[in-house]
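So the structure is just underneath, and the comments pick up after that.
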Amino acid sequence: MTDETRTYAVPSRVAEGSPNLFPSMDAYREVSQDVKNDPDAFWLGVTKDRIAWRKEPTIGLDGSFHDIAKNQISWFGDGTLNITESCIDRHVDAHPDKVAIIWEGDEPGDGRTLTYRELHEEVCKTANALRELGLKKGERAIIYMGMVPEAAIAMLACARLGAVHSVVFGGFSAEALRDRILDCGAEIVITQDIGRRGGRDIPLKEVTVQATAATPSVKKVLVYKRTNTEVPWDHERDVWWHDAVNSASADCPAVECAAEDPLFILYTSGSTGKPKGLVHTCGGYLTWASFTHQEVFDLRDDDVYACVADVGWITGHSYIVYGPLANGATTLMFESTPLYPDAGRYWDVVQRHKVTVFYTAPTAIRALAAKGDDFVTKYDRSSLRVLGTVGEPINPAAWEWYYDVVGEGRCNIVDTWWQTETGGIMITPIACATPTRAGSATFPMVGIEPILLDDEARRIRGPGEGKLCVEFPWPGMARTVWGDHDRYVGTYFTTYKPYYFTGDGCRRDAQGYHWITGRVDDVLNVSGHRMGTAEFESALVSAEAVAEAAVVGFPHDIKGQGVYAYIVLQPGVDASDSIEAELKQVCRTAIGAHAVVDLFQIVPGLPKTRSGKVMRRILRKVAEGEPEKLGDVSTLADPSVVDAIVAGAKKL
Ligand code: WTA
């Protein structure tokens, strides 16, 4: 039985000797008050301490949520910089031989390390190669790669030139990749021949060929060679990484950028079928990534820090690449999966590399807990000090397993809540200071004012549960949606004007601890992968046999949420044995390999109101296995479809 109110004191070896801003809760509270009193002074101080500015900013925040429709938020607006000088150059001066990146390849023990000096050389050469291929300041480059150091090198090389990168997760399909290329008008695509993951090949180049069949903006495709597999080749457009990069000069002056110039675009799913390209800027984003990485994980000089996310998601951007490198840390990149070759892989990595800070997702923790403790205990985890989780709510049982079995009660757990939109961590324990509770993201980062709104949009003070919003701007927030500022304003700043609406629900207990309850909009979170129900639906209705489709989430023991699809077939079409397999393939083709429908139910119709709106509440209750909680269905145009839906409900 889990006791939600049990508080875990910070283990002494984690609490002792912190060199950072918040060695204790008292210090955290004091700094929180300082930030409230004068946010500009505080963040200007932080950014000048942490970031190598060319021209130091004198302005903090410019703009507010009240007039965000007209004026974009700006932080440090009069400063100039190139973020690679913060992430690489100054560390080459301070500690050239410190390891910047440890790469653990797919096969255990296969890998390499790059020191800051080597990273500098690789980034400069790659930037010169990209410049040679025509990439200029402000232009976009798509990065469609697996977890190889060259992915991070490519990101930094773009930044060196002031170009804007958009990393597309290697699991996305050709259609999804094409849509992103078209949306941002990319000049260059950077990919690799084959990706490796869990002993399998991922045909990245082949997918790129399909995706770029009709994308006129793409002038060149730069291809890193990961294997010896032959791949399709266009002699006009394709260039091998080793040909272009190896011969390039290692001298590449960094291009000066304005604080508010875009650093990258990252596409994420919302409640419509079309993913949004969130835009993060150079100065504010890097300040937030660096500050939160240092303070939340209580970074120490000799830490070996491992975040096992993928660079295709925001976690990989902020907490594999930008935060750790800005902090001159040693960051590990992991190409494989938690289950390859077996469920001991993470702990094998921890033992071999003496990892001190380990950051993963609840879905991986649950999957590993289900495999038994032996896979963990046979490896030496005594180097670990801090364990992090991100991406979805962590259930108390999984939290306790992480704490007791992986950490042996010697580590603090930081359950970090944040989003692609927020750029970095927002609600979180501070590793060395915060007493934790199993399943709670605890307290806001300094400068963040989370607020809960009830169903009437009234602010809940003290304990309660409601929609999670944020009251004030912070440096790391996304500034806009690429090419569509109205959509940005409409999605985040209109429902609960003038607050930023996160799309999540949250409960605050009597002691002020925050418990994220999950999405309250039509976004699914499957194994920490964020996908829109509308993306699935638009894929499914593109199949000839399908007249209508509605997709909802349901609780899933390992994945957090599973995907449940209700399908109305076209008149005259009968449900064949192969229909599920066909529809699964349709989602894979439209979205990617991670877009898996767990349960299909063929229904005679969808429950709709008389005005034609699908009552998703009913579909959710049936998928959740709670048909007795449907509530009032009398307002439906045809209440009889509900009986058929309940009668034919599917279960895993
Ligand atoms: C969810 C990932 C509970 C949440 C960094 C959010 C979490 C969405 C947590 C963003 C957490 C992330 N506890 N839920 N610690 N962290 N989430 O954009 O629903 O891929 O809105 O960013 O993940 O997903 P995204």
Side-chain angles (χ1 to χ4, degrees), residues 167-169 171-172 264-271 275-278 280 285 288-289 292-293 296-297 307-320 322-323 359-366 387-396 398-399 402 413-429 434 436-445 448 450 465 467-470 476-478 481 491-492 500-508 513-533 535 553 555 559-561 594:
V167 183
V168 176
F169 171 59
F172 276 113
F264 65 84
I265 302 168
L266 189 59
Y267 287 86
T268 192
S269 298
S271 19
K276 309 179 275 276
L278 272 316
H280 283 286
Y285 169 80
W288 195 251
T292 52
H293 177 255
V296 172
F297 299 103
C307 167
V308 288
D310 191 287
V311 283
W313 309 114
I314 190 71
T315 305
H317 284 61
S318 303
Y319 300 112
I320 296 175
Y322 288 117
Y359 195 22
T360 187
T363 187
I365 298 168
R366 288 190 296 263
L387 298 171
T389 99
V390 58
E392 45 172 327
I394 181 164
N395 48 309
W399 192 102
Y402 202 27
I413 294 193
V414 291
D415 171 5
T416 64
W417 174 85
W418 58 294
Q419 311 178 291
T420 304
E421 292 84 346
T422 69
I425 295 168
M426 300 285 280
I427 302 181
T428 180
T434 311
T436 43
R437 290 186 172 186
S440 169
T442 73
F443 305 111
M445 190 24 104
I448 298 303
E465 182 169 338
K467 313 268 190 323
L468 177 63
C469 295
V470 180
M477 60 181 282
V481 168
T491 308
Y492 304 111
Y500 164 71
F501 176 43
T502 64
D504 280 320
C506 178
R507 181 166 64 81
R508 191 165 45 216
Y513 280 75
H514 291 78
W515 306 74
I516 307 295
T517 54
R519 300 290 303 197
V520 293
D521 56 5
D522 292 324
V523 171
L524 300 171
N525 194 328
V526 180
S527 301
H529 294 161
R530 196 171 147 178
M531 291 178 279
T533 53
E535 284 174 79
K559 299 198 271 190
Q561 268 191 311
H594 55 301

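Atoms within each ligand, like the ligands themselves, are counted from 1 in listed order. Hydrogens, waters and symmetry mates play no part in the numbers below; they use all other heavy atoms, side chains included.
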Check your understanding: Should Phe169 and His529 be marked as a ring-ring contact (aromatic ring centres under 6.0 Å, His included) after you check the CA-CA gap, both sets of side-chain angles, and the distance that decides it?
Key -> CA-CA 10 Å; Phe169 171 59; His529 294 161; 5.6 Å; yes
**Study point:** Residue-ligand contact Trp313/ligand 1, heavy atom below 4.0 Å
**Key:**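 So Trp313 does not count as touching ligand 1.
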Check your understanding: Is it true that Gly518 lies under 4.0 Å from ligand 1, counting heavy atoms only?
Key ->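 The answer is no, since Gly518 has no heavy atom less than 4.0 Å from ligand 1.
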Per-residue contact class, [X] against ligand 1 - non-hydrogen pairs under 4.0 Å:
X: Arg530; answer: side chain
X: Ala441; answer: neither
X: Thr315; answer: side chain
X: Ile516; answer: side chain

Which atoms from ligand 1 have a heavy atom of [X] less than 4.0 Å away?
X: Arg519; result: 6 (C), 19 (O), 21 (O)
X: Asn525; result: 1 (C), 23 (O)
X: Asp415; result: 11 (C), 13 (N), 15 (N)
X: Thr416; result: 9 (C), 11 (C), 15 (N), 16 (N)

Considering only protein heavy atoms, which is closest to [atom], and at what distance to one decimal place?
atom: atom 10 (C) of ligand 1; answer: Trp418 O, 3.6 Å
atom: atom 1 (C) of ligand 1; answer: Gly391 O, 3.2 Å
atom: atom 4 (C) of ligand 1; answer: Asp504 OD2, 3.1 Å
atom: atom 25 (P) of ligand 1; answer: Thr420 OG1, 3.5 Å
atom: atom 13 (N) of ligand 1; answer: Glu392 O, 3.3 Å

Sidechain-backbone polar pair: [X] side chain, [Y] backbone, donor-acceptor under 3.5 Å:
X: Ser440; Y: Thr442; answer: yes
X: Ser318; Y: Gly423; answer: yes
X: Thr416; Y: Thr389; answer: yes
X: Glu421; Y: Ala478; answer: no

Exercise for review: Say whether Ile314, considering both its backbone and side-chain N or O atoms, lies within less than 3.5 Å of an N or O atom on ligand 1.
Suggested key: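 Among all N and O atoms of Ile314, none is under 3.5 Å from an N or O of ligand 1.
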Review point. Would one find an N or O of Glu421, backbone or side chain, under 3.5 Å from an N or O of ligand 1?
Key: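 Glu421 vs ligand 1: no N/O contact under 3.5 Å.
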Donor-acceptor side-chain pairing of [X] and [Y] below 3.5 angstrom:
X: Thr420; Y: Tyr267; answer: no
X: Thr292; Y: Tyr319; answer: yes
X: Glu535; Y: Ser269; answer: yes

Review point. Are the ring centres of Tyr359 and Phe297 closer than 6.0 Å?
Key: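 That pair passes the under 6.0 Å test.
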Review point. Taking Phe264 as the fixed residue, which of Val167, Ile314, Leu278 is the one that meets the side chain to side chain contact (heavy atoms under 4.5 Å, CB included) rule?
Key: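 Of the listed residues Val167, Ile314, Leu278, the side chain to side chain contact (heavy atoms under 4.5 Å, CB included) partner of Phe264 is Ile314.
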Check your understanding: Is Trp418 close to Thr315 at the side-chain level, that is, under 4.5 Å between some pair of heavy atoms?
Key ->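 Of all side-chain heavy-atom pairs linking Trp418 with Thr315, at least one is under 4.5 Å.
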